[in-house]
There are 4 protein chains.
Amino acid sequence: MNKDRPKYRQIIEAAVEVIAENGYHASQVSKIAKKANVADGTIYLYFKNKEDILISVFKEKMGHFIDKTVKAISEKETAKEKLLTFIQMHYKQLSESPYLAIVTQLELRQSKPELRAEINKVLKSYLNVIDSIIKQGLEENDIQTDINPQLIRQMIFGTLDETVTTWVMKSQRYPLIDQAEEVHQLLTKGFFK
Amino acid sequence: MNKDRPKYRQIIEAAVEVIAENGYHASQVSKIAKKANVADGTIYLYFKNKEDILISVFKEKMGHFIDKTVKAISEKETAKEKLLTFIQMHYKQLSESPYLAIVTQLELRQSKPELRAEINKVLKSYLNVIDSIIKQGLEENDIQTDINPQLIRQMIFGTLDETVTTWVMKSQRYPLIDQAEEVHQLLTKGFFK
Amino acid sequence: MNKDRPKYRQIIEAAVEVIAENGYHASQVSKIAKKANVADGTIYLYFKNKEDILISVFKEKMGHFIDKTVKAISEKETAKEKLLTFIQMHYKQLSESPYLAIVTQLELRQSKPELRAEINKVLKSYLNVIDSIIKQGLEENDIQTDINPQLIRQMIFGTLDETVTTWVMKSQRYPLIDQAEEVHQLLTKGFFK
Amino acid sequence: MNKDRPKYRQIIEAAVEVIAENGYHASQVSKIAKKANVADGTIYLYFKNKEDILISVFKEKMGHFIDKTVKAISEKETAKEKLLTFIQMHYKQLSESPYLAIVTQLELRQSKPELRAEINKVLKSYLNVIDSIIKQGLEENDIQTDINPQLIRQMIFGTLDETVTTWVMKSQRYPLIDQAEEVHQLLTKGFFK
DNA sequence: GATGAATGAGAATTCATTCAT
DNA sequence: TATGAATGAATTCTCATTCAT
């Protein structure tokens, strides 16, 4: 299962598009094969089964996603700057791949246990990035210590998630990234006077 | 049809459980019928099709959910108190019906357009409750006016959603409601010093 | 199963219409019940099952049909006149009940053996009427004796049947009865010079 | 798809038999698949749906049927001879494929509109053959000009149809073809002295 | 490796019939 | 008699997966 071979990539890219357009359950393997210009059977040389396609798509895409985010953050100094960068990268990358946004926001919310387990494994490393920023903030004495850091992370991720979902649901009609600073402000300072 | 007839309720309750256990797509109509102690065909006397079951379950349950929330909030004075009550009610009610929590957190994220449209209609009235609290806060001069109220709502809902999802994913091993005040504090004041 | 009770008639009449409109297989018992203004279950007080409705409709209607034909023929003297009357009655009666025409021409051609057996039993007495005309014609020395009388009957009935079917298929757009004399001429004299 | 592939033929032949034995409505797709020695799903690689099987069977078989008839007729000179040949071919071919006879005589009288439309399209080209014979007869001054040619055609087809139906209903106990000349005589000269 | 025809398990839905009221 | 809610057997069609070429 050499992942460098062109067919593997073709299938992954085709799968993202087909799933974004039709949803996971309405995405027949034959449809993905057609869009990828390979035979149905070929899919099974690269993926164990249909579920494996979804997981692989997510791992693959989310891997790049995280890598880029980590890299961008590493260029910033303070936790505050890093958080802003994190938010910006989140919005920027999903804006650039609306297909991916649809897949992550809607299609990955499957409750099939095995599927979720795999998805969460990948998601966890993304959440770890947030955790590390919070940790640094605590060390820098910038973040309040009387709050459960897990809750902070859940607020950050939940807010990003919801804003992206809203954006996807509204057919991506406005520039997501424009919200980054306001969201950053909102998260760090709250909305009460 | 007549929503008071016992079979209707039986089917709704059975559907919630079966969907929570298996996910919507793995929930065969025959499984729901069996759990509801009715014949397969009986389901179709009360629901147009399988999708209609999901929508009806959601409308039915979310309706009660919202009603209770609205009632609880109406007994509070200030926007701040109301928000806390909102959070508490959200956690309390989902804690009491973990099946429902699973259905709402995971199964409703379907991307099938007609399905989403119906779901969003119901969800909207829940989001309206948040909006009305924010509006009151602005009138009471308690909420900062330089922030997009929609973003505030997205942060509130996103945070609640994510904290519940985390709780569901961790098999509901801790009392959700205990987080209410801390989350309220976090949302209103942010986490930065 | 008193056939004089009003519900029996209501159901028969409703059945003729529903079957003519939808075809036998698409005619749900519940549809017939609705049109007859009775409950589904009531049907089964008067008919053994759905098939029995079809057969009863046919017997009932065809019975009248034959009675009227026999009566009309009995008023004529010669075989030749009787045949013309037969043709006229056939066309006249089916013209007056287009529903019945549709049912007899299309819906009764079911090949389900038990069904056909019953239908043929009724049809036979109609064919007997033709046979008796032919017999009289032979006795009157008006009909050629070197032809198999059965074939003659098949030609007569086949021709009537086909002309009615054509008329039904063309949505009954012309007056069927106008053809009677020409068909009579054609049958008795053939079309060759 | 490719009509030369053996499975296509297998399914067509199996369908003719199964439909002849059970009637269209009682012919489950699975029964046809079994008799054709293919999997149920394979049927759907070659046919759009169950209805498509019936139409295809008819087109396929009737196509050959008509071709042979046309060929046989073209070898005859006069309209009179051609008509005799037409009758002979009709009887001969249906005698040789009693299954087909049953299907055409009984099963194709479906009133489902889309189905009939397709069937009539094919049937029409058969009726056209009769029409062309009549036309030639008129040109040769052999057929009476004061009769509606459409009626002549209806008499010819109706008579053939009815004689075949009778033969089918009587379980094909006599040689159909023996009647050809008598029927020809009957049609052209009528039965009156 | 690549193909794509073939497979067949699986699932939603319909509707004739029953039977408690 | 009459009702109509409830039943559940029956059937079409889909689509992930296999495997001979």
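Below, each value reflects all heavy atoms present in this structure, side chains not excepted, and no hydrogens, waters or symmetry copies. All chains are named by letter (A, B, ...) in the order of the sequence lines, taking the proteins before the strands, and each is independently numbered beginning at 1.
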Of the listed nucleotides ([options]), which one gets closest to any side-chain atom of [X]?
| X | options | result |
| --- | --- | --- |
| A/R5 | E/dT13, E/dT7, E/dG1 | E/dG1 |
| A/A39 | F/dT17, E/dG1, E/dG4 | E/dG4 |
| C/T42 | F/dA2, F/dT7, E/dT3 | F/dA2 |

What is the separation between atom [atom1] on [X] and atom [atom2] on [N], rounded to the nearest whole Å?
| X | N | atom1 | atom2 | answer |
| --- | --- | --- | --- | --- |
| A/Q28 | E/dG4 | CD | P | 18 Å |
| C/K50 | F/dA9 | NZ | C1' | 16 Å |
| D/I53 | F/dT11 | CD1 | C1' | 13 Å |
| B/Y46 | E/dT14 | OH | C1' | 17 Å |
| C/K31 | E/dT14 | NZ | P | 12 Å |
| D/L45 | E/dT3 | CG | P | 18 Å |
| D/H25 | F/dT11 | NE2 | C1' | 12 Å |
| A/Y8 | E/dA2 | OH | P | 15 Å |

Both B/S30 and D/D40 contact DNA chain E. Taking the nearest nucleotide for each, which residue is further toward the 5' end?
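The 5'-side residue here is D/D40.
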
So does [X] pair up with [Y], basic N to acidic O under 4.0 Å?
| X | Y | result |
| --- | --- | --- |
| C/R9 | C/E60 | yes |
| D/K35 | D/E13 | no |
| A/E17 | A/K31 | no |

To the nearest 0.5 Å, what is the distance between CE (D/M169) and CG (C/L123)?
9.0 Å

Between B/G41 and D/E51, who's closer to the 5' end of DNA chain F by nearest nucleotide?
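Comparing both residues, the 5'-ward one is B/G41.
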
Can you tell me the Watson-Crick or wobble partner of E/dT13, both distances under 3.5 angstrom?
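Partner of E/dT13: F/dA10.
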
Return the pairing partner of F/dT3 with a 3.5 Å limit on both distances, Watson-Crick or G-U wobble; otherwise return none.
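The base-pairing partner of F/dT3, which may sit in any strand shown, is E/dA20.
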
No-hydrogen, no-angle side-chain donor-acceptor test under 3.5 Å, C/Y99 and C/E21
yes

